[in-house]
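All values below were derived from every heavy atom in this structure, side-chain atoms included, with hydrogens, water molecules and symmetry-related copies excluded.
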Amino acid sequence: MNYWLMKSEPDVFGLHHLKDVKVEPWDGVRNYQARNMMRDDMKKGDIAFFYHSNCDEPGIVGLMSINCSGYPDDTAWDKNAKYYDAKSSPENPRWFRVDVKYKKTFKRTITLKELKADPELSEFKLVQKGSRLSIMPVSAKHFQHILDKL
DNA sequence: GCCAACGTTGGC
DNA sequence: GCCAACGTTGGC
């Protein structure tokens, strides 16, 4: 089983939204590195941190599980969709998504500030300079270490 | 294949 | 709202 961290802006789609709907496609990702992870590496049963970005208190707010491994993101060929991409088609899909399932809301946010201050997490991509990946792997060791902060 | 211009992300 | 960092695009 693998561990992940996935970012979302709470004003657009936050953990509270996922809690309401339980299961949701993680669509609209238009970045090749993130796509490759969803397409090739994410498996049903994997666990992911839900990270709130672009907000007052950026950080990890809870847990979800991967409910379905990667499959084509059909919003890419929906002309009315925000992330429409003319180069993607049902015959030759360029973008992929997974389904995520709500698992848990933490009692408090594990803030980015806190993660950055932890020397044991210096190798964690999230805290490294200029990291903009919206989806990233988390080692089992880092995952447990972060959970232990609660 | 280089690289300048442009767009996006996301912390602050 | 600013801007640093990074990814993508497209001319050459």
Could you note down all residue pairs passing salt bridge (Lys or Arg N to Asp or Glu O under 4.0 Å) where residues 64-77 of chain A supplies at least one of them, sequence neighbours left out? A:Arg30-A:Asp73, A:Asp73-A:Arg97, A:Asp74-A:Arg97

Between the side chain of A:His52 and the main-chain N/O of A:Leu15, is any donor-acceptor distance below 3.5 Å? yes

Partner residues of A:Asp118 under the salt bridge (charged side-chain N to carboxylate O under 4.0 Å, His left out) criterion, sequence neighbours left out: A:Lys149

Salt-bridged, A:Arg108 to A:Glu114, with N to O below 4.0 Å? yes

Mind listing the side-chain donor-acceptor pairs of residues 53-63 of chain A below 3.5 Å, one per line with the distance, residues two or more places apart or on another chain?
residue	atom	partner	partner atom	Å
A:Asn54	ND2	A:Glu9	OE2	3.3

For A:Lys22, is the NZ atom crowded, meaning more than 12 foreign heavy atoms sit under 6.0 Å from it? yes

So do the side chains of A:Trp26 and A:Met64 get within less than 4.5 Å of each other, counting heavy atoms only? yes

From A:Leu18 atom CG to A:Lys101 atom NZ, the distance as rounded to the nearest 0.5 Å: 10.5 Å

Members of residues 108-130 of chain A that approach DNA chain C, where some heavy atom sits under 4.0 Å away: A:Lys129, A:Gly130

Donor-acceptor under 3.5 Å (A:Lys7 side chain, A:Leu133 main chain): yes

What are the 5'-most and 3'-most nucleotides of DNA chain C lying under 4.0 Å from any heavy atom of chain A? C:dA5 to C:dT8

For A:Asn54 and for A:Lys87, locate the closest nucleotide of DNA chain C by heavy-atom distance; then report the residue assigned to the nucleotide nearer the 5' terminus. A:Asn54

Residues from residues 26-42 of chain A lying under 4.0 Å of DNA chain B - heavy atoms: none

Does A:Glu123 offer a backbone N or O that forms a donor-acceptor pair with the side chain of A:Gln128 under 3.5 Å? yes

